[in-house]
Amino acid sequence: MKTPHLDPCSWRPPSHLVQPQPCTRALIPLRPRFGRFLAPHPIGHLSRPRPKPYLGSGCHAARAALRHARISSTKECSIPMRPGPVVTRIAPSPTGDPHIGTVFMALFNLAFARRHGGRFILRIEDTDQGRSTRESEEAIFAALTWAGIPWDEGPDKGGPHGPYRQSERLPIYEEHVARLVQAGRAYPCFCNAARLKSLREEQLARKEDPRYDGHCRHLDPALAATRIAAGEAHVIRLSVPDEGECVVPDRLRGEIRIAWSTVDHQILRKTDGFPTYHLANVVDDRLMGVTHVIRGEEWISSLPKHVLLYEGFGWELPEFIHMPLLRNPDKSKLSKRKNPTSVTWYREAGYLPEAVVNYLGMMGYTLPDGREMFTLEEFIASFDIDRVVLGGPVFDLAKLNWLNGRYLRESLSPAQILERLHAWRLNDELLLKALPLAQKRLTTLADFMPMAGFLLRGALDYPTAELAGSDGACTARWLRIALWELEQLRPFTAATVRGVFEGMVEKEGVALRELLAPFFLAVTGAKVSLPLFDSCELLGADVTRRRLHEGLERLAAMGHELKGKTLKALEEDYRRRYTENR
RNA sequence: GCCGCGUUCGUCUAGUGGUUCAGGACGCUGGCCUCUCACGCCGGUAACACGGGUUCGAAUCCCGUACGCGGUACCA
């Protein structure tokens, strides 16, 4: 049976979504200047007339059209706007540490929703059963709460469209997958990993895009049903056209065009019965009434799959807004390898949430009046998503430091700072934990602070030569290995940290005392200090790791940098000796 | 490799074809203030990736190239 989207001709969103004419200068009438660009998104509900993001490949064209259209009158809108509130969401995956990028996306989603009187949803995308954890989910709640970013609906507070955890919505996805299969938009696939692997290798050898070849697409449905009933392992794949291109509007980028031939027959339902991101995301966005999908540009390449899903279900598209990605100083996507990315780290390192949020608000964005210091409320009040800049902003700790300093000296009283200090670490709770460790080492009360001061310090101050010891290269290797070990470590307690070092003693063939020497320096800043493992626990995983990382950087500056081949070899060696039979 | 998205001082950015030999901020730097340091204040440094086009006029519009990033999973 022929399905409409398999037509060889270009698939395009329904014509009301996309202006058919190309944007060229010659086509733009002088007066009324840009009237023809006015075609509000069907589900857009905005406080001012808004144009279609439009056209032409250049973003400048799109933005110019946007801006000009903005000043045109509402009367020129030929398509009625669908009334109804704006709904945005963030859909983080609860794996690992809460990411600063999640707060970034949350901020813009919240601001957009609030600015337009809408709602902002937090949805947990835990469809990857292998990696998702409840602990990580809690950390996301905590991170957003710390940042002062509220959500209107979410797993913890409920709402009219729950549940908000995808692992609890399985029946919904089952039903929708069935609908797609029924409509011929998706199909069961029984190919095993071996076939897929050789297929991929062949395609790569022929310099083609690796893409499922549709082997199971035309299987007799009745036969397929029998095999499924017999319990044969299978997945459900999205049926993708072989020819033509997908054209979809992005609010900030104009039209995004991607040839269908480069889009894989994405798996929608895994063998374990769980949906993949693509399916769950589209179904949930629709069911939760999401009108504006504001997400990172890493998703652009899967847009066609999402479009196909909306189309397959007969749903109109939400408005897509792909934000730039936060970058490391070397311009790569922000990663913990090169930058602190865990929100917990910013908290533990003594940053103020309002400063962090303020700083994130100036990543790829400036307030219309150019203000650099602003509250969340001020940010929201003047928020204009069309001011977002597309070049990926480098997350610059130096500038965040300046901003954080300004908050400390300009917007808080000494008494308020004291409160913050208490809420941070300078409190009885921490002191009471440190005291038993220090007690035996005290001669006078005055000995305590020098001994425990490292628990409250930011940057440590110690001679790098001492950290390096007699064999700097070896020290660097130890730090690197310990860091890899500690990155995985959960829970992060004195006992588990001890376990890591004991493992290293065995594997590296050194005495604990010798191994630990550089770690005392890197973690506490002194050769002699409180017990290391307990200190690590008190400091927390984020700060401990960061200090080890800083130690590594100091060694690198001394010429003991681990990079290229050496690093690769070490990593392989580490994998073999440490992680192989875990 | 292929596909996509980008590209204004080192970094964050302003910039809606003429008012800009490009403005602000961080950083760095010179000076002032000052019991030190910091803060603050005054100054300096430094950019339209490149090449074609369109135009009387281009950072701004178009095309190409280069570079960067993202994607290319039964991860999200």
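What you see below is based on every heavy atom in this structure, not just the backbone, and it leaves out hydrogens, waters and symmetry mates. Note on naming: letters A, B, ... go to the chains in the order of the sequence lines (proteins, then strands), and numbering restarts at 1 for each one.
When the C1' atom is used for both U65(B) and G71(B), the distance is 23 Å, rounded to whole Å. Nucleotides G23(B) and A59(B) have their P atoms positioned 14 Å apart, rounded to a whole Å. Taking atom P in both U20(B) and C3(B), one finds a spacing of 43 Å when rounded to whole Å. Comparing the same atom, C1', in C9(B) and in C33(B) gives a spacing of 29 Å after rounding to whole Å. Taking atom C1' in both A38(B) and C48(B), one finds a spacing of 37 Å when rounded to whole Å. Rounded to whole Å, the C1' atom of U8(B) lies 15 Å from the corresponding atom of G68(B). Using atom C1' as the reference point in both G70(B) and C74(B), the two lie 22 Å apart (nearest Å). Separation of the C1' atoms belonging to U60(B) and A47(B) is 15 Å when rounded to the nearest angstrom.
Between C28(B) and Lys399(A), no contact under 4.0 Å exists linking OP1 or OP2 to a side-chain N or O. OP1 or OP2 of G68(B) has not a single side-chain nitrogen or oxygen of Lys333(A) nearer than 4.0 Å. A sub-4.0 Å separation between OP1 or OP2 of A76(B) and a side-chain N or O of Thr127(A) is present. For G70(B), neither phosphate oxygen OP1 nor OP2 lies less than 4.0 angstrom from any side-chain nitrogen or oxygen of Lys331(A). An OP1 or OP2 oxygen of G15(B) is reached within less than 4.0 angstrom by a side-chain nitrogen or oxygen of Arg387(A).
A salt bridge between Asp126(A) and Arg165(A) is absent, with no side-chain N of the basic residue lying under 4.0 Å from a carboxylate O of the acidic one. Classification of Glu125(A) and Arg123(A) as a salt-bridged pair holds, one side-chain N sitting under 4.0 Å from a carboxylate O. No salt bridge links Glu138(A) with Arg134(A); every basic N to acidic carboxylate O contact stays at or beyond 4.0 Å. Look at Glu175(A) and Arg169(A) and you find no salt bridge, because none of the NZ, NE, NH1 or NH2 atoms lies under 4.0 Å from a carboxylate O.
Rounded to an integer number of Å, the gap from CD1 of Ile300(A) to P of G6(B) is 7 Å. At whole-Å resolution of the value, CG in Leu390(A) and P in G15(B) are 14 Å apart. To the nearest angstrom, P of G71(B) lies 9 Å from CH2 of Trp299(A). With rounding to whole Å, Leu268(A) atom CG is found 14 Å from A73(B) atom C1'. If you measure from atom CZ of Phe320(A) to atom P of G4(B), you get 18 Å, rounded to the nearest angstrom.
Checking each of Arg195(A), Gln203(A), His265(A), Arg200(A) against Asp213(A) for a side chain to side chain donor-acceptor pair (under 3.5 Å) leaves exactly one that passes, namely Arg195(A). Put simply, the residue from Trp345(A), Trp402(A), Tyr407(A) that forms a ring-ring contact (aromatic ring centres under 6.0 Å, His included) with Tyr351(A) is Trp345(A). Considering Tyr359(A), Phe112(A), Phe108(A) in turn, Phe108(A) is the only one that fulfils the ring-ring contact (aromatic ring centres under 6.0 Å, His included) rule with Phe379(A).
Taking 3.5 Å as the limit, the base of C74(B) and the side chain of Thr276(A) contain no donor-acceptor pair of atoms between them.
Nearest to the side chain of Asp128(A), among C26(B), A76(B), G4(B), sits A76(B). Closest to the side chain of Met362(A), out of C5(B), A76(B), C12(B), is C12(B). With distances taken from any side-chain atom of Ser301(A) to the nucleotides G71(B), A73(B), A76(B), the minimum falls on G71(B).
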Protein heavy-atom contacts under 4.0 Å, written 5' to 3' over nucleotides 36-41 of chain B as B (base), S (sugar-phosphate only) or - (none), form the string ---SS-

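Across all strands shown, Ser261(A) has no heavy atoms under 4.0 Å from either base or sugar-phosphate atoms.
The aromatic ring centres of Tyr173(A) and Phe274(A) sit 6.0 Å or more apart. Between Phe320(A) and Trp299(A), a ring centre-to-centre spacing not shorter than 6.0 Å is recorded. Aromatic ring centres of Phe383(A) and Tyr365(A): separated by under 6.0 Å.
Using the Watson-Crick or G-U wobble rule with both distances under 3.5 Å, G18(B) pairs with C56(B). With a 3.5 Å ceiling on both atom-pair distances, the Watson-Crick or G-U wobble partner of G64(B) is C50(B). C33(B): no Watson-Crick or G-U partner with both key distances under 3.5 Å is found in any strand. Base-pair partner of G71(B): C2(B) (Watson-Crick or G-U wobble, both distances under 3.5 Å).
Using a 4.0 Å cut-off on heavy atoms, none of the residues of residues 162-170 of chain A approach RNA chain B.
Between the CG atom in Leu279(A) and the CD1 atom in Ile236(A) there is a gap of 9.5 Å [rounded to 0.5 Å].
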